[in-house]
There are 2 protein chains.
Amino acid sequence: MAREKQVTITDIARSLNTTVSTVSRALSNHPSIGVEMKKKVEEAARKLNYRPNVLAANLRRGNTKTIGMIVPLINRHFFANVIAGVDEVLHREGYNLLICQTSESLQREKEVIENLIQNRIEGIVMSLSKESFVSNHIKKVLDYGIPLVQFDRVSADLDVNKVVNDNFNGSYGAVSHLIEQGCRRIAHFGGMFPINIYSERLRGYKQALADSGLNFDNSLIFENVLTQEDGYALTINLLQSDSCPDGLFSASDMSALGALLAVNKYGSTLKKHLRIAGYANEPFTEFTCPSLTSVEQHSVEMGRAAATMLLDEINHSSAERIHKTVTIPAQLFIRNSSLK
Amino acid sequence: MAREKQVTITDIARSLNTTVSTVSRALSNHPSIGVEMKKKVEEAARKLNYRPNVLAANLRRGNTKTIGMIVPLINRHFFANVIAGVDEVLHREGYNLLICQTSESLQREKEVIENLIQNRIEGIVMSLSKESFVSNHIKKVLDYGIPLVQFDRVSADLDVNKVVNDNFNGSYGAVSHLIEQGCRRIAHFGGMFPINIYSERLRGYKQALADSGLNFDNSLIFENVLTQEDGYALTINLLQSDSCPDGLFSASDMSALGALLAVNKYGSTLKKHLRIAGYANEPFTEFTCPSLTSVEQHSVEMGRAAATMLLDEINHSSAERIHKTVTIPAQLFIRNSSLK
DNA sequence: AACATTTACGCAAACGTTTGTTCTTTTATT
DNA sequence: AATAAAAGAACAAACGTTTGCGTAAATGTT
């Protein structure tokens with residue numbers, strides 16, 4: 001508000017008895033300005049403590065060098081790492097990153113999208129909130145001609161650039177591993193199945209069972225068990241039931257952790273055991289007792305890939321582009337929780 | 001680049017045979033515009049798929065509603081949480097957050113500061129990189145009249161708003177706890193001592209020893225032992241020495257974890273034991289074997305406090321302000337690693 | 001009925017740049 | 001020495017808003 005008068009190129013021009021156009025070109029090292037004039041301008045700029053106003057520049061030339069990023073929660077390990085990957089390649093190319101979090105709310109997602117458009121960001125990389133089953137608000141981005149790449153939680157019904165973890169194979173590998181370890185009744189703690197990542201993990205789970213000739217028991221599949229608490233409570237139930245499973249593949253490390261703690265606490269007294277595998281390879285999985293088998297998603301790499309795709313679309317904006325889906329391989333980290 | 005012609009208030013004005021000023025005021029619900037005109041403008045805006053160009057608006061009215069945030073690493077648990085806290089209060093007040101990471105490089109820190117100034121952010125909340133022992137580049141921010149609040153790693157020699165964890169008391173409490181548990185020779189794994197947080201933790205450590213009448217052994221203090229690897233290697237050395245300590249207070253959970261793993265592996269064969277406490281209360285501390293005693297820093301709360309201070313300075317910009325330091329209490333989480 | 005006030009809107013300048021065009025001076029070409 | 005070309009710099013418009021001021025018509029006051 002009470003910002004003291006900015007010093008502008010007009011001030012520089014006046015101090016040198018020249019014009020703004022000359023100063024502007026001098027500062028951007030334009031060839032048609034003499035080397036002597038450039039020196040003088042640079043010195044005057046320094047002396048006056050001048051800072052270019054990039055708002056004005058952006059307005060004039062019609063591009064902000066910034067791209068918008070939308071994540072459900074900024075401080076989740078996974079998202080923070082994707083952000084880091086995105087920032088890495090974007091910063092290298094001179095772009096700024098405007099980061100917004102939706103807090104898993106569709107309403108907020110709509111708001112931040114509007115906000116980003118109005119801020120004239122040049123592209124968006126985003127992951128959907130848990131409530132985002134519709135995609136009208138995403139279409140607005142496309143209608144406005146803004147390059148978009150979705151990552152992780154993506155819109156199944158939208159033809160846009162996407163980068164996703166190979167949830168199917170990640171899941172398939174984890175479940176196959178449990179089977180190899182002797183599991184015959186494997187439970188699955190999933191997320192909300194309409195969301196692509198969770199449906200894919202479920203699909204991988206089913207396929208692995210099928211390919212091993214194990215029959216599939218719907219009563220062993222649980223939707224929306226993603227937290228430590230839910231995993232803990234549900235596992236206690238399972239351990240007490242007569243048809244207790246002997247393995248668990250969880251779509252979330254948190255609920256896998258809950259399960260692990262439940263087994264630690266009640267397993268021996270109930271004479272039941274569960275071999276467990278989780279998903280996401282959260283930092284703690286290495287240190288639990290026993291250590292937790294999990295699937296690494298290479299989140300930083302996902303961020304890099306997303307940013308690279310976006311930049312590519314921004315730079316080679318051939319009218320109608322073909323939208324690709326980049327799949328980042330999943331990697332199973334076998335630890336003690338799943339071993340015999 | 002090939003951005004299709006923007007639709008502007010000029011287009012709206014033309015479509016209604018009125019002027020841009022009327023449209024502008026109508027859109028911002030100015031009282032001197034008739035209700036009927038407002039309706040027409042809003043409808044035309046919707047019909048034309050108009051989005052205000054906030055760049056232009058910002059340029060004109062001389063304020064961007066965005067503040068800059070500078071962190072060493074965006075995907076560290078601690079920083080990600082502070083960011084979340086900052087974003088929470090800033091978003092609530094209608095501000096955008098431009099986040100930059102320095103990757104612990106002073107050079108990058110200088111660059112992003114310049115960049116933020118040039119983007120005319122209205123304030124900065126930042127934590128220093130590990131290389132930032134000088135503060136000329138920070139002074140530029142102040143010289144330019146930009147409200148600044150530093151958090152966590154702050155400049156000792158600068159009179160600015162700060163919010164810091166109570167590192168002294170956090171450390172003091174942890175060491176006192178170790179002493180209560182019977183430790184008599186307590187080692188300290190520290191960071192780089194010129195950095196305020198690490199010097200404070202060292203100070204708390206020394207004070208706790210002194211207050212318990214324990215004598216202080218310089219050979220038990222180690223600078224810059226912050227990683228799991230360093231903690232692990234160093235602890236093995238300690239376990240093998242004849243003057244092995246019986247306790248360890250680490251300024252980092254990572255090196256505390258390394259120590260814990262080293263003790264797990266070699267403690268029994270070497271017939272040595274260490275009670276351990278770390279700092280930061282990283283998510284994994286709860287799940288290690290044994291679980292790791294640590295000090296919680298309330299990172300989200302730090303972020304909220306920092307943002308609140310910043311907003312306060314922005315809004316009540318009385319020419320010369322008194323700069324405060326807000327101290328967030330530390331909280332000791334006692335777990336098994338430190339118990340007898 | 002004459003004037004004052006209010007309501008609703010138009011005019012034009014300003015924010016700080018960038019950039020196409022024009023103009024003057026210097027240097028090269030013949 | 002006359003002319004063409006190149007170099008260096010100035011002019012002015014434009015980017016899309018906001019906002020102070022002016023003004024016509026409508027309403028209120030006496």
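Here is the naming used below: chain letters follow the sequence lines, and residue numbers restart at 1 for every chain. Here the structure is a predicted model, which is why all the values come from computation and not from measurement.
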Working for side-chain contact (heavy atoms from CB on, under 4.5 Å), residues A:Arg51 and A:Asn49: CA-CA 7 Å; A:Arg51 314 286 167 133; A:Asn49 194 26; 3.1 Å; yes
Qualifying salt bridge (charged side-chain N to carboxylate O under 4.0 Å, His left out) pairs with a residue from residues 126-139 of chain B, counting only residues at least two apart or across chains: none
DNA chain D-proximal residues of residues 42-59 of chain B, any heavy atom under 4.0 Å: B:Tyr50, B:Arg51, B:Pro52, B:Asn53, B:Ala56, B:Ala57
First-last contacting nucleotides on DNA chain D - partner chain A, under 4.0 angstrom, heavy atom: D:dG8 to D:dG16
Salt bridge (charged side-chain N to carboxylate O under 4.0 Å, His left out) partners of A:Glu104, counting only residues at least two apart: A:Arg153
Aromatic plane relationship, B:Phe151 with B:Phe78 - under 30° parallel, 30 to 60° tilted, over 60° perpendicular: tilted
Residues 31-38 of chain B, side-chain donor-acceptor partners within the protein, below 3.5 Å, at least two apart:
residue	atom	partner	partner atom	Å
B:Ser32	OG	B:His30	ND1	3.2
B:Lys38	NZ	B:Asn29	OD1	3.0
B:Lys38	NZ	B:His30	O	3.0

A:Asp11/A:Arg14 ion pair, N-O < 4.0 Å: yes
Pairing residues for A:Arg25 by the salt bridge (charged side-chain N to carboxylate O under 4.0 Å, His left out) criterion, not counting sequence neighbours: none
Nucleotides 8-10 of chain C: which of its N/O atoms have a protein N/O under 3.5 Å away?
residue	atom	partner	partner atom	Å
C:dC9	OP2	B:Gly34	N	2.5
C:dG10	OP1	B:Thr18	OG1	3.0
C:dG10	OP2	B:Thr18	OG1	2.3
C:dG10	OP2	B:Thr19	N	3.4
C:dG10	OP2	B:Thr19	OG1	3.2
C:dG10	OP2	B:Thr22	OG1	2.3
C:dG10	O6	B:Arg25	NH2	2.7

Touch class at under 4.0 angstrom, heavy-atom based, for A:Thr8 against every strand present: sugar-phosphate
Salt bridge (charged side-chain N to carboxylate O under 4.0 Å, His left out) partners for B:Glu43, two or more places apart: B:Lys47
Bend angle of the helix from C:dA1-D:dT30 to C:dT30-D:dA1, from helix axes over five pairs at each end, nearest 10°: 40°
Side chain to side chain donor-acceptor pair (under 3.5 Å) partners of B:Gln101, counting only residues at least two apart: A:Asp87
Between CZ on residue B:Arg92 and CG on residue B:Leu311, distance to nearest 0.5 Å: 9.5 Å
For B:Arg304, all residues meeting salt bridge (charged side-chain N to carboxylate O under 4.0 Å, His left out), sequence neighbours excluded: B:Glu88, B:Glu301
Set of residues satisfying side chain to side chain donor-acceptor pair (under 3.5 Å) with respect to A:Asp157, sequence neighbours excluded: A:Ser135
